[in-house]
Amino acid sequence: MAKVVAEAEELPKAIVRRVVKDKLSQCSKGDGDLTLHKEALLAFSESARIFIHYLSATANDICKEKKRQTISADDVLKALEEIEFSEFIKPLEASLKGKNPGKNAGKNAEKSGGKSAGGKQKAGTSKAKEVKKKRKLEEPSSQKLKEKEEDNQDENGSDDE
């Protein structure tokens, strides 16, 4: 069978297998270890990929109708309703609330310099950023130094060839 889908569009098989097995184990309590045929795993993966494409195209249409270029979670929820998968909306909203306590939580944390509600700075946050900046600044200079040393060795005739 020829590969129709580009490798970049494939969903990770390990993740698809884990999601399917987790759900099936919840449905069939105590029936032992479940196995999946390779073709079944491929069918789940392709179905999920097609669903994602369909959902994203619908969400994109909703976004463009609102004259925006960035798809929001609300656009995805509306798209689920439009493609008649409204039973997914409540679980998705619950999941989003659990992962994103507030729309501007990340922006507020950045503005306060990584400080928490108590005013204390998160441990190691600014120091880690400083270290990363120093490394980025030092890397080019240390690389140039190595190149100069190599050039000097070549000029001094220390070639091993």
Side-chain angles (χ1 to χ4, degrees), residues 1-140:
M1 183 166 108
K3 261 196 170 180
V4 179
V5 179
E7 206 170 299
E9 289 188 2
E10 286 183 10
L11 296 173
K13 289 181 180 120
I15 293 173
V16 173
R17 179 182 291 115
R18 186 175 5 141
V19 169
V20 171
K21 281 191 165 194
D22 287 349
K23 188 60 182 176
L24 291 176
S25 67
Q26 290 172 7
C27 295
S28 60
K29 297 174 183 164
D31 285 350
D33 193 26
L34 299 166
T35 58
L36 291 171
H37 281 279
K38 191 175 182 177
E39 294 84 17
L41 183 62
L42 181 63
F44 279 118
S45 181
E46 281 299 297
S47 298
R49 187 187 64 78
I50 291 167
F51 178 76
I52 290 168
H53 277 249
Y54 186 45
L55 181 62
S56 61
T58 306
N60 188 47
D61 291 344
I62 291 168
C63 184
K64 288 191 182 218
E65 285 173 7
K66 295 179 180 179
K67 295 184 173 125
R68 290 184 287 113
Q69 292 183 348
T70 305
I71 298 172
S72 69
D74 289 335
D75 296 328
V76 176
L77 293 168
K78 180 72 175 155
L80 282 169
E81 190 176 313
E82 274 193 26
I83 63 173
E84 298 180 4
F85 280 91
S86 55
E87 65 271 12
F88 290 179
I89 294 173
K90 286 193 190 283
L92 179 57
E93 286 175 332
S95 178
L96 290 173
K97 284 181 184 173
K99 289 183 172 51
N100 188 9
K103 287 185 179 179
N104 295 325
K107 292 179 183 177
N108 291 338
E110 288 174 14
K111 286 180 184 175
S112 66
K115 294 182 181 178
S116 63
K120 295 182 180 177
Q121 195 164 1
K122 291 180 182 177
T125 303
S126 64
K127 285 187 179 183
K129 286 181 182 178
E130 288 176 27
V131 169
K132 284 182 182 179
K133 284 181 184 177
K134 285 181 183 177
R135 284 183 189 157
K136 285 182 181 177
L137 292 173
E138 290 172 357
E139 280 181 32

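- Summarising the geometry of Thr70 relative to Cys63, their closest heavy-atom pair is O-SG, 3.2 Å, with the distance given to 0.1 Å.
- Put simply, the side chain of Lys66 reaches to within 4.5 Å of the side chain of Asp75, judged on heavy atoms.
- Annotation for Lys13 and Leu41: closest pair O-CD1, 4.1 Å, computed over non-hydrogen atoms.
- With contacts defined as side-chain heavy-atom distances shorter than 4.5 Å, the pair Ile83/Phe51 qualifies.
- For Gln26, the CD atom counts as densely surrounded, since its 6.0 Å shell holds more than 12 non-hydrogen atoms of other residues, nucleotides or ligands.
- Surrounding CD of Gln69 are at most 12 heavy atoms belonging to other residues, nucleotides or ligands under 6.0 Å away.
- Leu55 has its side chain out of reach of Phe85: every pair of non-hydrogen atoms, C-beta onward, lies at least 4.5 Å apart.
- Under the 4.5 Å side-chain criterion, counting only non-hydrogen atoms from C-beta, Lys23 is not in contact with Val19.
- Between atom CD of residue Glu81 and atom CG of residue Leu77 there is a gap of 9.0 Å, rounded to the nearest 0.5 Å.
- The two residues Ala59 and Ala79 make their nearest non-hydrogen contact at N-CB, 3.6 Å.
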Item to check | Intermediate values then yes/no, salt bridge (Lys or Arg N to Asp or Glu O under 4.0 Å), Glu46 and Arg49 | outcome: CA-CA 5 Å; Glu46 281 299 297; Arg49 187 187 64 78; 3.0 Å; yes
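- Side chains of Asp22 and Ser25: no donor on one and acceptor on the other come within 3.5 Å.
- For the atom pair OG1 (Thr58) and CD1 (Ile71), the distance works out to 10.0 Å, reported to the nearest 0.5 Å.
- Between the side chain of Ser95 and the main chain of Pro91, no donor-acceptor pair closer than 3.5 Å is present.
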